[in-house]
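Before any comments, here is the structure.
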Amino acid sequence: MSETRDYKPTLNLPKTSFPMKANLAQAEPATLARWQSADIAGAIATARKTATPFVFHDGPPYANGSIHVGHLLNKVLKDIVVRSVLMEGRGCHYVPGWDCHGLPIEHRVMTGLVESGKAAKLDTLSDDHRRMAIRRECAAYATKFIKSQSVQMQRLLTLADYANPYFTMQPQYEAGTLEVFAALLEQGFVFRQLKPVHWSIANQTALAEAELEYEDRVDPSIYVDFEAVDRAKVDAVFGVECACTASFMIWTTTPWTLPANLAIAVHPAQQYALVEMDGALTIVAAEMLDKVAKIAGAAAVRTLATARGSDLVGLEYHHPFCDRKSRIVAADYVTMEDGTGLVHTAPGHGDDDYRTGLREGLEIYCPVQGDGTFDGTVPEWLRGKLVWDANGLVVEYLRTSGHLVHELKFSHSYPHDWRSRTPVIFRATEQWFIGVDRPGNRGGQSLRAMAMDAVNNSIKFVPQWGHSRMKGMIENRPDWCISRQRAWGLPIPAFRMATDSVFMTAASVRAVAECVRTKGSDAWFTLSPAELLATYDASSDPDAPTDLAIDALTKMYDIFDVWFEAGSSWNSVLRQRAIGFPADLYLEGSDQHRGWFQLSMLPALGVTGTNPFRTLLTHGFLVDKDGKKMSKSAGNALDVDVILKDFGAEVARWWVSGVAYDGDIRIDLDYFKVAGESYRKVRNTLRFLLSNLYDAPPWTQEEATARATAATPESIDGWLMGELAALESEARAAYNEYDFRRVHLAIFNFCNETLSSVYCAAVKDRLYCDTADSPRRRQTQAVARVAMEVLCRLLAPFLPHTAEEAWMALRGSDAPLLFAQTHLDLAAIGGVTAVRDPRWSAVMTARSAVSKALEGAKSLGIDNPLDAAVTLPDPRGSLAPFEKELADLCGVSQVTLDAKATIVTVSDLRSQPRCDRSWRRDGTVRQRSDGGMLSDRDALSVGV
RNA sequence: GCGCCAGUAGCUCAGCUGGCUAGAGCACACCCCUGAUAAGGGUGAGGUCGAUGGUUCGAGUCCAUUCUGGCGCACCA
């Protein structure tokens, strides 16, 4: 045995500065800092200044707390859109936004004020001053979280105009919102109407759900008979003849609401019984009869007849103590759990009742005033009485008049004002609404009709099922109540006149908007009506009331529902900042069908007649690995900081890019491990390509592309160029359809299979062993270079940091900005190799057959494929054109084709000499002048 | 309770208008390589397609019912 010479120094072994280990947690912040100091966002904007803009609009997250994994998903998806659009050569001015007003912040601020004892001091201030004090705290709170969330979102490597974000509390934004409102007013969509709200008597204010605390409370629970008006009609319904008139028995735990009773609701599908109970004739649900009889302690109960609830509808009854007749109505919310199956309905005192009242055309009657006392419309013995005292009075009255069937004490949980800890009541108050069924003044169409038309005809939904979901919601939605009785928000600029009527016209709102544009909505609390209306001219306002006296006006204090503000962003951001309208895309979680999507549609359609977005993309919600929803209380919530620290933003982004975002998305730290491994696979593949380019000539991109596309179709390089072109068009098509998962899989598959498993393995020998500047090696380097050019661009939307890191390793530190590049478009560049050659499928099939055969040959002792030669059957000659490349492709030393063979045969080459340099036994190996055993090719390379 | 959606190998997902022994990647097992090396390659095992019933010559694929989970709405006088 001659000792083998060490030829390693003569090889062109790979070299690169692109490290195998990404070290993302440290490297990403550095990249981010570089982007910020170099103003990458500005540079990209400049590069795309004249390009066709893609109008993409950010839905504002709420400025509260730390970002969670839901934000991560949402913001990364959006960023993938932004960057993929840029890579297509379009411009995209993406402005991040925040929703600032509203109860969650005010609630937290108030809690803080109560705890610190400052709240009591506030109560001593005048209304305007007190509200301003609260608003200042709230604004500071919102500002703080906007800042921290902005930092967190940028840490996700997202690209947006973070220097000029929008907040719903910015004066210009507020003015834009008011202008939307003015236009809706002008179109006739806005009106004022009674609606029941939770009302705190102690604080004389409406409360939101979040301001309620539920505590146990004991109330009288009473069963009351309401006597039917027409005995004959009742008899007819039940098919009997009675000697006296029956009564409808209802149950309630709020006797004080009985004066406002305007209907009794029954379930249309339930059976109701006409019964004789201790001599009295009464009607209750058949199913509830035994229970009611038992509670009432009735001795003799006899059912005379039964009828369906729907048959009772329309029957009338006398109110037991108010002078009026009302009727039986149907409602499917009537249940058979408590009570009598007949539900006392007071549209002014309950939400269900209110809906029923609206549907039945009943008055929204509320005889209770803000201080909890009855007004003059009730019987004299109740007038001026507090509702809590009225409970006992009503019970006593009914007992005396013989309408009370039974009374007991009932303990239940009841809402209380969280601040005063006093029980609240449900009371109808005047609220502002946007009507969805009112015809607009411009085209006579209602908002609902316009929205349905947009949903059915002009919006593209991704995924498709968004269409039916949105449609269902538009069909069913009630009028939009846009007023709230809070301090932290944009005031609805209405005034009360001396006559007590309300003054607010499109022109007056615009005047206030002008004021707000410069001074902010605080102006409403700091200025007088005359100052607010400084630019208002009643004489040119066709809607101005004739008796208008500006000096006599007083400000009203309702604020807008925050959804109205967010729903005006298409105006306050897209139009005011001249970004473009309508937007090409809105992208949010599927909960926003009810929220931002719909509440942007309605104002925009009402004001402009145009839907604010062309395409609607929705993603599902994150759930844990068992499919359960995430919540802090369940302890299954993932911390974004932990993900960033353990895996880095790039791995998180890579995970997002591969997720099936329609429907629920399971998330778990383990999934990031998986994503991390696949990220590393992609990274290493890039690294291999880069490492073999260290000595490539300094081709321009065009030179490299020209050279790469010149590869012969029958070469491995030619094959790869076809695959590369196919990848590029497939990925771009999928990006354009927002099918990021398809892009992700295509790229991964290309790196893992096409490159790592096939191409890199096949081409290694020539890269390492051929003479450095041999045409064959340079050809491969050109292809590797183009593959890098393509991959960096395709990966940039998913992995901006890694793609740029690779890009700079490829192009050097003076490389042009990756994010200002556009795709190569190999298919358009043309050349025979820029398209997939179908003849290659036979080659690839043969290649896997060889793999299997080699596996079998291991039992013969042929462990190393380079110790083997294979004979491939080629009856049709389909492999012949590729003969030169087959050995490299299969990783063996020799391949011969045999037209007559039927199976792959492996022969043992271990008795033949092995090249000391390339380790191949290609039949040309012999001792050379330097004493080494070398093949012809290697001898040439070494120069011996 | 109502509307929308999902339920296919351990995991993430393909399976279009119903049609050969249900596919991929990861993980796993075994093996190779040691000149991509805290890398790379090969082979293989693994599924009663949530359940039940139906339509059909034939269903993961259509229909009905049901279970589980998610989002939104409603939630009781």
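Remember, predicted model here, so these are calculated numbers, not experimental data. Below, chains carry the letters A, B, ... as their sequence lines are ordered, and counting in each starts from 1.
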Exercise. Would you mind classifying the nucleic acid contact of A/H344 as base, sugar-phosphate or nothing, using non-hydrogen atoms under 4.0 angstrom?
Key: sugar-phosphate
Practice problem: Find the distance A/D867:CG to B/G42:C1' and express it as a whole number of Å. | Solution: 15 Å
Self-check item: Counter-base of B/A29, judged by Watson-Crick or G-U geometry with both distances under 3.5 Å
Solution: B/U43
Quiz item: Rounding to a whole Å, what distance do you find between A/E753:CD and B/G40:C1'?
Solution: 13 Å
Exercise. Identify, between A/M473 and A/L854, the residue whose nearest nucleotide on RNA chain B lies closer to the 5' end.
Key: A/L854
Practice problem: Decide whether a cation-pi geometry holds between A/R917 and A/Y768; the criteria are a distance under 6.0 Å from NZ or CZ to the six-membered ring centre and an angle within 45° of the ring axis. | Solution: no
Self-check item: Salt-bridge criterion met for A/K764 and A/D888 (N-O under 4.0 Å)
Solution: no
Practice problem: Specify the residue among A/R741 and A/Y768 whose closest nucleotide of RNA chain B lies further upstream toward the 5′ end. | Solution: A/R741
Quiz prompt | Separation between OH of A/Y317 and CD1 of A/I250, rounded to the nearest 0.5 Å | solution = 8.5 Å
Quiz item: Yes or no on side-chain hydrogen bond (donor to acceptor under 3.5 Å, both in side chains) for A/D662 and A/W465, after CA distance, side-chain angles and deciding distance?
Solution: CA-CA 9 Å; A/D662 48 329; A/W465 55 259; 4.7 Å; no
Exercise. When you get a sec, tell me which of B/G70, B/A74, B/A36 is the closest nucleotide to the side chain of A/R355?
Key: B/A74
Self-check item: Interatomic distance, A/E677 CD vs B/A27 C1' [rounded to whole Å]
Solution: 9 Å
Exercise. Name the nucleic acid region contacted by A/K21, choosing base, sugar-phosphate or nothing; use a 4.0 angstrom heavy-atom cut-off, strictly under.
Key: nothing
Practice problem: Please measure how far the P atom in B/C26 lies from the corresponding atom in B/G44, and state the result in whole Å. | Solution: 15 Å
Practice problem: Under 4.0 Å between any heavy atoms, over every strand shown, what does A/D352 touch: base, sugar-phosphate, or nothing? Just pick one. | Solution: sugar-phosphate
Practice problem: Just call it for A/V623: base, sugar-phosphate, or nothing, with non-hydrogen atoms closer than 4.0 Å on any strand. | Solution: sugar-phosphate
Exercise. Mind checking A/N752 for me? I need base, sugar-phosphate or nothing, with any heavy atom below 4.0 Å counting as a touch.
Key: sugar-phosphate
Quiz item: In whole angstrom, what separates A/D765's CG from B/G41's P?
Solution: 17 Å
Quiz item: Which residues satisfy the side-chain hydrogen bond (donor to acceptor under 3.5 Å, both in side chains) test with A/D219, sequence neighbours excluded?
Solution: A/R217, A/H412
Practice problem: Indicate, with a heavy-atom threshold strictly under 4.0 Å, whether A/E475 touches base, sugar-phosphate, or nothing. | Solution: nothing
Quiz item: Looking across every strand, which nucleic acid part, if any, lies under 4.0 Å from A/R917 by heavy atom: base, sugar-phosphate, or nothing?
Solution: base
Quiz prompt | Near-ring test A/H467/A/F461, centroid separation under 6.0 angstrom | solution = yes
Polar atoms only, N or O, under 3.5 Å: list the protein pairs with nucleotides 4-11 of chain B and their distances.
{"residue": "B/C11", "atom": "O3'", "partner": "A/Y671", "partner atom": "OH", "Å": "3.4"}

Quiz prompt | Pairwise C1' distance, B/G25 and B/G46 [rounded to whole Å] | solution = 15 Å
Exercise. Quote, to the nearest angstrom, the C1' distance that separates B/G18 from B/G60.
Key: 10 Å
Quiz item: Could you give the distance from OG1 (A/T356) to CG (A/D351), rounded to the nearest 0.5 Å?
Solution: 9.5 Å
Practice problem: Check every strand shown and say whether A/K673 touches a base, only sugar-phosphate, or nothing at a heavy-atom separation below 4.0 Å. | Solution: nothing
Quiz item: For the base of B/A36, is there a side-chain donor-acceptor partner from A/T685 under 3.5 Å away?
Solution: no
Quiz prompt | Distance, rounded to the nearest Å, where A/F597 contributes CZ and B/C71 contributes C1' | solution = 12 Å
Quiz item: Between A/K8 and A/D6, is there a salt bridge with N-O shorter than 4.0 Å?
Solution: no
Just the table, please: protein N/O against nucleotides 29-33 of chain B N/O, every pair under 3.5 Å.
{"residue": "B/C31", "atom": "O2'", "partner": "A/K858", "partner atom": "NZ", "Å": "3.3"}
{"residue": "B/C32", "atom": "O2'", "partner": "A/D863", "partner atom": "O", "Å": "3.1"}

Quiz item: Hey, does A/S678 reach any base, or is it just sugar-phosphate, or nothing, if we go heavy atoms under 4.0 Å?
Solution: nothing
Quiz prompt | Assigned partner base of B/U65, Watson-Crick or wobble definition, under 3.5 Å | solution = B/A51
Quiz prompt | Length of the CZ-P vector between A/F18 and B/U37, whole Å | solution = 13 Å
Quiz prompt | Rounded distance in Å between the C1' positions of B/C49 and B/A6 | solution = 14 Å
